[in-house]
Amino acid sequence: METLIDYNVLKEELKDYEQLYNEIKIAIDTTFDQITIVDRNAKILCVGDLCEESFGISQSEIIGEDANNLVKKGIFDKSITAEVFEKREKVTIIQKTASNKKLLVTGIPIFNEKKEIVKVINISKDITSIEQLKNQIENTGEMMEWFRKELLKRKVIQEKKIITKNSTMQKIMELIKRTADVDSTVLLLGETGVGKGFLAKTIHEMSNRKNKPFVTINCGAIPENLLESELFGYEEGAFTGANKKGKKGLFEEAKDGIVFLDEIGELSMKLQVKLLSVLQDRKASRIGALRPYEIKARIIAATNKDLKKAITNGEFRQDLYYRLNIIPINIPSLRERIEDIPILINVFLKKNNEKYFFEKSLTQDAYKLLISYKWLGNIRELENIIERLVITCGEDIITSKQVLEIIHLENNKNVNYIEANTVIPLKEATKELERQLLIKAKQEYKTTRKIATVLKINQSTVVRKLKEYNI
Ligand SMILES: Nc1ncnc2c1ncn2[C@@H]1O[C@H](COP(=O)(O)OP(=O)(O)OP(=O)(O)O)[C@@H](O)[C@H]1O
């Protein structure tokens, strides 16, 4: 009789368990997460309806399988069950499966009263689409960064008014845009006043070094011994007259910015050798220093000299030329881009009208005259002439006659004619003439070496006198 009662209770309990099992099964099958139950031997006991979608095999194929075997078969890349057994605690991993899914799996150990793991319940969340979304967001971020940089480059071009109709100049602007972020050396070639310095600054502003220093040095304007210490710096007490604390060189000052070596064609043979080794090793030493420092700056060099001819004449090292000539840019003279002259005239007219609070304009004939002029001094000469026209013309409309007068003056400025307007002591007059000659020579020839040649005096005398007259 007692056994019968027990049997009925047992039957009721079994029914309850069956009910519970069915409810759990429904929960396992219908949850958005994948639930897998594994026994103490790593055998899969139960798996949800998402099995095929998650692992690429059916429920019937996976049930009864050893989790470690499934790793070997490539159904998933690692078994969380093994880790849970090893660590004896809840573990979370990312699993890659045979159906190209990425699952975020949390394994929970179930202990018996002897603290032995009897089962592991694994709950997997499919994060494939989240990962894809993350990648897409990352890609979008990269694209946004690219667009941001592109826009910045365009802005620099517009702000710097490099509007050009000339195809060579357009190609140059494209090349500058494309190479703005690389570290290669740029060699800017072109006549005086074509805008080599202007382009060097444009490259800097377009590049990812734009917030880093832009250091410029005119290699032709400084005597050789001074240039070496300017470029590379010196240690304390390196030579007499040196700063006691020593001095940083321009390459050090530039840090990871840009060093613009203007008039590179004027560099002495000795410094050419030093620059070559600096470019090769990316290291330089201050004068008197034992240890070199690393050079991180990008180098842009410029010259109006025909470097190939200078190589033939033995004035410029071929190996240095090849080191510099990584991205050569030949800037056309203004005569070769006459379609840009009206654009540049308007740029300079606007600039000077704003500067001097005028509203001056040019007649058609005046434009035609300026376009047909030979512009040996290129953009610099055009810029100067427009400024002079704006300042000196009394009327708001600038005529071709006024342009002719200014151009005539420009052309005659080299005439060997000196006029004495007043009587002053000879010594004073001589000094004044010397001062004026130096100002003119510096404006036209820029480098102390060239000034020395045209004035037929020593370069050191030029340096001393420029300092004396504060020019
Ligand atoms: N595209 C341009 N738009 C407006 N101004 C320009 C442009 N290019 C050059 N300039 C102006 O022309 C003048 C001469 O330019 P820059 O000094 O760069 O010439 P350069 O070729 O370096 O001359 P040099 O060889 O004599 O040093 C500068 O005042 C500069 O601002």
Side-chain angles (χ1 to χ4, degrees), residues 153-177 186-206 214-222 258-267 299-307 310 316 324 328-355 370 373 375-391 410 439-451 453-454:
K153 286 173 190 173
R154 270 166 217 278
K155 197 166 153 246
V156 172
I157 293 174
Q158 273 164 14
E159 275 177 6
K160 293 211 91 180
K161 312 245 174 350
I162 310 180
I163 309 154
T164 176
K165 287 188 178 162
N166 178 266
S167 60
T168 312
M169 277 311 288
Q170 281 166 351
K171 279 184 198 141
I172 289 176
M173 293 322 297
E174 266 312 304
L175 180 68
I176 283 181
K177 255 202 297 163
V186 177
L187 181 60
L188 299 169
L189 302 159
E191 290 178 12
T192 179
V194 288
K196 297 183 291 293
F198 193 80
L199 275 194
K201 278 187 216 124
T202 309
I203 295 174
H204 177 241
E205 279 164 48
M206 277 186 189
F214 177 85
V215 178
T216 170
I217 188 157
N218 188 323
C219 304
I222 304 171
I258 286 180
V259 171
F260 175 46
L261 301 171
D262 201 2
E263 308 269 6
I264 192 85
E266 302 303 320
L267 208 62
I299 290 154
I300 302 181
T303 183
N304 51 29
K305 222 177 185 176
D306 181 344
L307 285 185
F316 204 81
L324 294 169
I329 297 179
N330 279 294
I331 307 169
S333 69
L334 204 48
R335 298 179 299 287
E336 295 163 290
R337 45 184 286 212
I338 51 170
E339 62 272 51
D340 281 350
I341 297 179
I343 305 173
L344 287 162
I345 291 174
N346 290 339
V347 166
F348 298 135
L349 210 53
K350 187 168 175 276
K351 186 170 139 190
N352 286 295
N353 273 334
E354 280 168 10
K355 185 170 166 191
L370 287 170
Y373 183 60
W375 299 117
L376 293 176
N378 293 294
I379 303 183
R380 179 179 296 109
E381 190 183 8
L382 175 64
E383 191 176 13
N384 290 344
I385 284 195
I386 300 291
E387 180 161 5
R388 279 169 69 178
L389 281 168
V390 169
I391 302 170
E410 269 294 297
I439 291 174
K440 274 195 179 302
K442 188 158 180 232
Q443 276 170 354
E444 276 171 43
Y445 298 100
K446 293 181 121 199
T447 74
T448 50
R449 196 168 304 168
K450 280 187 198 157
I451 298 173
T453 312
V454 288

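Residues: numbered from 1 along the sequence shown. As the structure lists them, so they are numbered: ligands from 1, and atoms in each ligand from 1. Hydrogens, waters and symmetry mates are skipped; everything else that's a heavy atom, side chains included, is used.
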Original post:
When you look at E354 and K350, which way does the salt bridge (Lys or Arg N to Asp or Glu O under 4.0 Å) test go after all the steps?
Top reply: CA-CA 6 Å; E354 280 168 10; K350 187 168 175 276; 3.4 Å; yes

**OP:** Test R335 against E191 for salt bridge (Lys or Arg N to Asp or Glu O under 4.0 Å), laying out the working first.
**Re:** CA-CA 11 Å; R335 298 179 299 287; E191 290 178 12; 2.5 Å; yes

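In this view, F214 and H204 satisfy the ring-ring contact (aromatic ring centres under 6.0 Å, His included) rule, not counting sequence neighbours. Under the salt bridge (charged side-chain N to carboxylate O under 4.0 Å, His left out) criterion, K355 pairs with E387, sequence neighbours left out.
Near D262, meaning under 4.0 Å from one of its heavy atoms, ligand 1 places the atoms 27 (O). Atoms of ligand 1 found under 4.0 Å from any heavy atom of K446, numbered from 1 in the order shown, are 24 (P), 26 (O), 27 (O).
Atoms CG and CZ, from N378 and R337 in turn, are 8.5 Å apart once rounded to the nearest 0.5 Å. The CD1 atom of I299 sits 8.0 Å away from atom CG of L324, with the distance rounded to the nearest 0.5 Å.
At least one N/O-N/O distance between G197 and ligand 1 falls below 3.5 Å. Here's the thing with E263: none of its N/O atoms is less than 3.5 angstrom from an N/O atom of ligand 1. Taking only nitrogen or oxygen atoms, main chain and side chain alike, I379 does not reach within less than 3.5 Å of ligand 1. Residue contacts with ligand 1: E383 is placed with a nitrogen or oxygen under 3.5 Å of a nitrogen or oxygen of the ligand (distance criterion only).
A heavy-atom separation below 4.0 Å is found between G193 and ligand 1. Look at V347 and you'll find every heavy atom at least 4.0 Å from all atoms of ligand 1. Residue contacts with ligand 1 include L344, since one or more of its heavy atoms lies under 4.0 Å from the ligand.
A donor-acceptor contact under 3.5 angstrom links the side chains of E336 and S333, judged on distance only.
Only the side chain of N304 comes within 4.0 Å of ligand 1, judged by heavy-atom distances.
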